[in-house]
There are 2 protein chains.
Amino acid sequence: MRVLKYAILGLLDQRELTGYDMKKHFEDSLGQFWSAKHSQIYPELKRLTEEGFIEFDIHIQGKKLEKKVYQITDAGKRELHEWLRKKGPIPDTTKDEFMLKTFFISSMDQKEAVGLFSHQLQERTKKVEMLEQKLNILTEEDPSAQSLHSTQFGHYLVLTRAIEREKGYVRWLQKTLEVIDSSIV
Amino acid sequence: MRVLKYAILGLLDQRELTGYDMKKHFEDSLGQFWSAKHSQIYPELKRLTEEGFIEFDIHIQGKKLEKKVYQITDAGKRELHEWLRKKGPIPDTTKDEFMLKTFFISSMDQKEAVGLFSHQLQERTKKVEMLEQKLNILTEEDPSAQSLHSTQFGHYLVLTRAIEREKGYVRWLQKTLEVIDSSIV
DNA sequence: GGTCCCATGTAAACCGTTACATGATTAC
DNA sequence: GTAATCATGTAACGGTTTACATGGGACC
């Protein structure tokens, strides 16, 4: 399916970037919904260049450090738009190891289950706080990010979606913990 | 990380199963959070048998059809419990191709965005209905499923989590569609 | 001079999907 | 009899992670 291909084309449709810059994007907000290691990015950049969807210029940083700054080509833009328009089916499975453990809750004793759920609740709560901080920074730096015509609108949507996803998880964890906790052995 | 290994051990800790039975579980409620094709299941069963975590008996169906009915061993139970107790970090990324497209919304025109979001809303709404039907069947067949000591509690939790996950997605899609739709070009 | 970050690559191993392949049983 | 489902396997391919490998720049 080569989703990474489209992730790269999409990023380059916004501005020119090095492979290293892309890696940074995958570690930031975008990383909530897609990411790749540099060991996957660099070969994909090579392939996309060979296919004519992207091109690069070499920039010199300091004295000798060569970096490849990539741009999207017209063919690349056509390829990107074809993917953007395509209405795919929603996936049957969204893998979640914690929910797999939850499915096997009858193999745990009550104390183990409480420990597991409490820990998950803690981690997810921390994540909500981290994401809300990111959203605050974004809306302070660019208050127009919330409107469709801002270049930051995608960034804003991804953050709000991630926050609500995590908050929903937290609410469900709290509700479930109450049921587990109040069931006397 | 071999999560499939633990998925199989967890299923076998509930009752003895064939590889084919496991495949069916991955197509049912459990499949909301974990799944595998039969081409991945059968080699994993072979490996787990060699490692001594599971064993099988051959049952004859009808005249000649041989099926391998697997059971978990004591070593397998220890292995399963070690995994169940372990409090892993939550993943940084949950891959979602639709949200990747959303991040690139500034590369779309308004009409394209509305089409994409409407379609996603439709699909997710259908999924909520499907999941609610499954939950209804479960609670009608076994009203005790909602309590910790039911063997169906894991099943119940997975379904309620999946429903709330999809409902949260639907609410966010509706809210976002309104913003997109009301932004006059 | 040292540490952290910038910057790019390859190789091996692992995980997962699609395709190839076969045959029995059940229900109509 | 025939279609759907039960039942099990392998092979090839593609995507992803971990590890190996190297070197420059910026800041203290």
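A note on names: the letters A, B, ... follow the listed sequences, proteins ahead of strands, and every chain is numbered from 1. Keep in mind that this is a model prediction, so the values were computed, not measured.
Nucleic acid contact for A/K23: none, since no nucleic acid atom lies under 4.0 Å from a heavy atom of the residue. Here A/K95 lies in heavy-atom contact (under 4.0 Å) with sugar-phosphate atoms only. Among the atoms of the strands shown, only primed sugar atoms or phosphate atoms (P, OP1, OP2) are found under 4.0 Å from some heavy atom of B/K63.
For the pair A/A36 and B/K67, nearest-nucleotide mapping onto DNA chain D gives the more 5' position to B/K67. Toward the 5′ end of DNA chain D lies the nearest nucleotide of A/E44, the other residue of the pair A/E44 and B/M1 mapping further downstream.
By the 4.0 Å N-to-carboxylate-O rule, B/R2 lies close enough to B/E44 to be salt-bridged with it.
Side-chain proximity of A/L65 to D/dT8, C/dG9, C/dA7: nearest is C/dA7. Set against C/dT10, D/dT10, D/dG15, the side chain of A/H38 has C/dT10 as its closest nucleotide. The side chain of B/Y70 lies closest to D/dG9, out of D/dA7, D/dT16, D/dG9. Side-chain proximity of A/Y42 to the nucleotides C/dG9, D/dG25, D/dT8 is greatest for C/dG9.
At C/dT17, none of the side-chain N or O atoms of B/K37 fall inside 4.0 Å of OP1 or OP2 (strictly under the cut-off). In this structure, A/K24 reaches the C/dC6 phosphate: one of its side-chain N or O atoms is under 4.0 Å from OP1 or OP2. OP1 or OP2 of D/dT16 has at least one side-chain nitrogen or oxygen of A/Q40 nearer than 4.0 Å. In this model, the phosphate group of C/dA7 is not approached by any side-chain N or O of A/K64 to a distance below 4.0 Å at OP1 or OP2.
Ring-centre distance between A/F153 and B/F103: not below the 6.0 Å cut-off.
Scanning atom types as modelled, no donor and acceptor separated by under 3.5 angstrom connect the side chain of B/T18 and the base of D/dT8. Under 3.5 Å, the side chain of A/S39 and the base of D/dT16 form no donor-acceptor pair of N or O atoms.
B/Q71 and B/E55 are not linked by any side-chain donor-acceptor pair at a separation below 3.5 angstrom, with hydrogens and angles left out of the test.
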B/Q32 vs B/R165, side chain to side chain donor-acceptor pair (under 3.5 Å): CA-CA, chis, key distance, verdict: CA-CA 10 Å; B/Q32 290 302 312; B/R165 179 183 67 181; 3.2 Å; yes
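The one candidate from A/T49, A/L48, A/T18 that meets the side chain to side chain contact (heavy atoms under 4.5 Å, CB included) condition with A/F56 is A/T49.
We find that CZ of A/R2 is positioned 15 Å from C1' of D/dT16, with the value rounded to whole Å. Atom CG of B/L4 and atom P of C/dC14 are 15 Å apart (whole Å). Separating the CD atom of A/E66 from the P atom of C/dT8 is a distance of 10 Å, rounded to the nearest angstrom. Separating the NZ atom of B/K5 from the P atom of C/dC15 is a distance of 10 Å, rounded to the nearest angstrom. For the pair A/R47 CZ and D/dT16 P, the interatomic distance rounds to 12 Å; values are reported in whole Å. The CG-P distance, from B/D57 to D/dT8, rounds to 13 Å in whole Å.
No cation-pi contact links B/R161 to B/Y156, judged by a cut-off of 6.0 Å to the six-membered ring centre and 45° from its axis.
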